[in-house]
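Since the structure comes first, as structure tokens, the remarks are kept for the end.
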Amino acid sequence: MESLKRTRIAEVLRNWQAIGAGNMVNLKGWVRTKRGNKNVAFIALNDGSVIHNIQIVVDLAGFDEATMKLITTGSCISVNGILVESPGQGQAVELQAKEIEVYGTADPETYPLQKKGHTLEFLREIAHLRPRTNTFGAVLRMRHAMSFAIHKYFNDNGFYYLHTPIVTGSDAEGAGAMFRVTTLDAKNPPLTETGEVDYTQDFFGKATNLTVSGQLEGELGALALSNIYTFGPTFRAENSNTPRHLAEFWMIEPEMAFHDINDNMDLAEDFLKYLVKYALDNCMDDLEFLTKMYDNELIDRLKFVVENDFQRLTYTEAVEILKASGQKFEFPVDWGTDLQSEHERYLVEKHFLRPVILTNYPKHIKAFYMKQNDDGKTVRAMDVLFPRIGEIIGGSQREESLEKLVTRCREMEIPEKDIWWYLDTRRFGTAPHAGFGLGFERMMLFVTGMANIRDVIPFPRTPQNAEF
RNA sequence: UCCUUCUUAGCUCAGUUGGUUAGAGCAUCUGACUGUUAAUCAGAGGGUCGCUGGUUCAAGUCCAGCAGAGGGAGCCA
């Protein structure tokens, strides 16, 4: 077969006029369908560069039957052919095949992906193959686009990307159960005199875990570089079985010196709108597919979020609205208790009909590091609530006073010796600062219209499941 | 972890108050068709009804346990 430089299908469909009808190109990809008759075969070829397939037209007189039999749904081929304007409906251009090489066959009796639709549940069981479907191609391309947009936004706005550790020796982040990291023999660990596992003999000389948040280290960076962000994997060993939780997920955590809670809200809103707009500006092919197949209101909802202000109000105001709503809630609303999902959904989806930012929560339901308000009862926390998703961002202005922070640690029984380095930032050159955490997969749920978080990450890790 | 629903062909599903040999669409295979668009048409093959036990003359169907999956809740991002 003549050696030609491969052209991506996205490139052909976008620039076929520049490439020029009548010219020979090489395309490589995976066969979605083959149909036709004795004289001509039509192959829908996809290489993942774009959601659309390109049609390969094969005049069977020029090809041997044995080769053509190998070309089935799922097989991988390389084609040299002439790019021509298509006489048929449904595509502008197609490729008149001259030479075909079969790279890999896919036995139709055993290849699990068919031409017809599959349920998302079934595709989760074959997560190694689901990237080859239209849906996961769209989701994974958008996942890349969103990742890129995150870095671009922060870079363009004077933030530095800080790599916070994955393995942490601190157990004080207060963000839930952790995965232990150890090289000790699980069957026969060294013990102390009192019979406890002796972690001084472990790899790091102490008990270590996978991080549940990069925030504490992020603050160290912000109190030197002014504006930093993290974007990395995060782990929670909670036994959560919901469409919104993963044991391994990706989180974006900006942290800004000299920002108060209002600056923090401004940034969160601007950032989220930027990401949604980036999707609308750069992922329209995939968005149109997802809108058509999964969520008819997706594109409209994304546009609405970009064009409208988020509703900002305090926790106390939210409680008053909920109490006055006349709604029957399963859980009663009362000042001092954390809001339940049903309450958040009511505010976002029934009352305000737009994203909501809640601030100034009671201090006893929030983390130790949040800045205390002068009322002695509330802290400068903020939660951003999105339609369909619920909490997409959690953040706060941080307590910069050493005295108040230490007092709060003692009240909440957080050992100061474990976070001496964190407390040092308040001891030496402390500054007002703020930050938040955005769950990347929750953002992906919103921009793709997918309903289950396991369908917006390539290989989901959930309780009882670490396959692939 | 709690509540709830589901598990029948490769996939998506039907299967009546328990009653002969468990069905359909798609997929697969064979054949037909000169340009198809999830091609179409004709035919064929394909099942330990999630697993284990129980009730019954008789269980895909009723009961119990277990496993897996979905939805809701909690924890949160």
Side-chain angles (χ1 to χ4, degrees), chain A residues 32-44 52-61 69 72-74 84 86-91 94 96 106-126 134 173-177 212-215 230-231 233-253 268 293 329-331 338-345 365-367 383-386 389-395 436-446 451-457 462-465 467:
Chain A
R32 286 294 172 76
T33 69
K34 186 179 75 171
R35 51 181 178 264
N37 53 46
K38 247 182 200 157
N39 305 292
V40 62
F42 301 93
I43 298 167
H52 305 296
N53 304 325
I54 193 162
Q55 176 156 280
I56 312 292
V57 184
V58 185
D59 181 353
L60 294 176
K69 275 200 93 151
T72 58
T73 297
V84 296
S86 176
Q89 304 278 305
Q91 60 278 317
E94 61 190 24
Q96 289 281 354
D107 180 359
E109 297 281 2
T110 53
Y111 184 61
L113 288 172
Q114 300 169 10
K115 299 177 194 181
K116 277 202 135 183
H118 296 284
T119 60
L120 294 169
E121 289 83 1
F122 174 69
L123 293 175
R124 272 173 224 149
E125 295 171 12
I126 52 166
N134 286 335
E173 279 97 342
V212 294
S213 164
Q215 181 200 317
T230 72
F231 184 8
T234 309
F235 306 87
R236 304 273 166 93
E238 304 287 354
N239 192 8
S240 297
N241 289 290
T242 84
R244 296 180 304 283
H245 290 86
L246 291 165
E248 177 184 279
F249 63 101
W250 290 66
M251 188 153 65
I252 300 103
E253 294 177 291
M293 299 300 290
F329 293 114
E330 189 184 344
F331 296 93
D338 210 353
L339 297 181
Q340 305 291 314
S341 289
E342 56 175 342
H343 306 140
E344 296 178 347
R345 295 191 84 117
I365 59 173
K366 289 292 183 181
D383 282 1
V384 181
L385 310 178
F386 257 38
I389 315 297
E391 185 180 345
I392 196 166
I393 277 179
F436 61 81
L438 168 68
F440 183 54
E441 284 76 18
R442 290 197 179 166
M443 187 66 194
M444 286 299 302
L445 283 177
F446 186 73
N452 193 311
I453 202 162
R454 293 163 190 151
D455 298 328
V456 294
I457 188 169
T462 52
Q464 298 298 311
N465 177 30
E467 193 69 50

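Chain naming here is simple, since letters A, B, ... match the order of the sequence lines and numbering starts at 1 in each.
- Side-chain nitrogen and oxygen atoms of A/Arg454 include none within less than 4.0 Å of the OP1 or OP2 phosphate oxygen of B/A69.
- Remark: the A/Arg35 side chain and the B/A38 base include no donor-acceptor N/O pair separated by less than 3.5 Å.
- In this structure, A/Ser240 does not reach the B/C76 phosphate: none of its side-chain N or O atoms is under 4.0 Å from OP1 or OP2.
- Here A/Phe249 lies parallel enough and close enough to stack on the base of B/A77, with planes under 30° and ring centres under 5.5 Å apart.
- In terms of polar N and O atoms assigned as donor or acceptor, the side chain of A/His245 comes within less than 3.5 Å of the base of B/C76 in a complementary pairing.
- For B/C76, the OP1/OP2 oxygens have no side-chain nitrogen or oxygen of A/Arg442 closer than 4.0 Å.
- Residue contacts shown for A/Gly437 are limited to sugar-phosphate atoms, with no base heavy atom under 4.0 Å away.
- Across all strands shown, A/Gly90 has no heavy atoms under 4.0 Å from either base or sugar-phosphate atoms.
- An OP1 or OP2 oxygen of B/C33 is reached within less than 4.0 angstrom by no side-chain nitrogen or oxygen of A/Asn37.
- Residue-to-nucleotide contacts include a donor-acceptor pair under 3.5 Å from the side chain of A/Glu94 to the base of B/G35.
- Residue A/Ser341 has a polar side-chain atom (N or O) positioned under 4.0 Å from OP1 or OP2 of B/G74.
- Side-chain N/O atoms of A/Gln89 include none lying less than 4.0 angstrom from OP1 or OP2 on B/U36.
- Using a 4.0 Å heavy-atom cutoff across all strands shown, A/Gln91 reaches at least one base atom of the nucleic acid.
- Across every strand in view, B/A73 sits in a pair with B/U1 that passes the Watson-Crick or G-U test at under 3.5 angstrom.
- A/Pro87 comes within 4.0 angstrom of a nucleotide base, judged by non-hydrogen atoms across all strands.
- Dashed line: the shortest gap from a side-chain N or O of A/Lys69 to OP1 or OP2 of B/U30 is under 4.0 Å.
- Taking 4.0 angstrom as the limit, A/Asn452 places a side-chain polar atom (N or O) nearer than this to OP1 or OP2 of B/G71.
- Across all strands shown, A/Thr110 has no heavy atoms under 4.0 Å from either base or sugar-phosphate atoms.
- For B/A27, the OP1/OP2 oxygens have no side-chain nitrogen or oxygen of A/Lys115 closer than 4.0 Å.
- With hydrogens and angles ignored, a donor-acceptor pair under 3.5 angstrom links the side chain of A/Gln114 to the base of B/G10.
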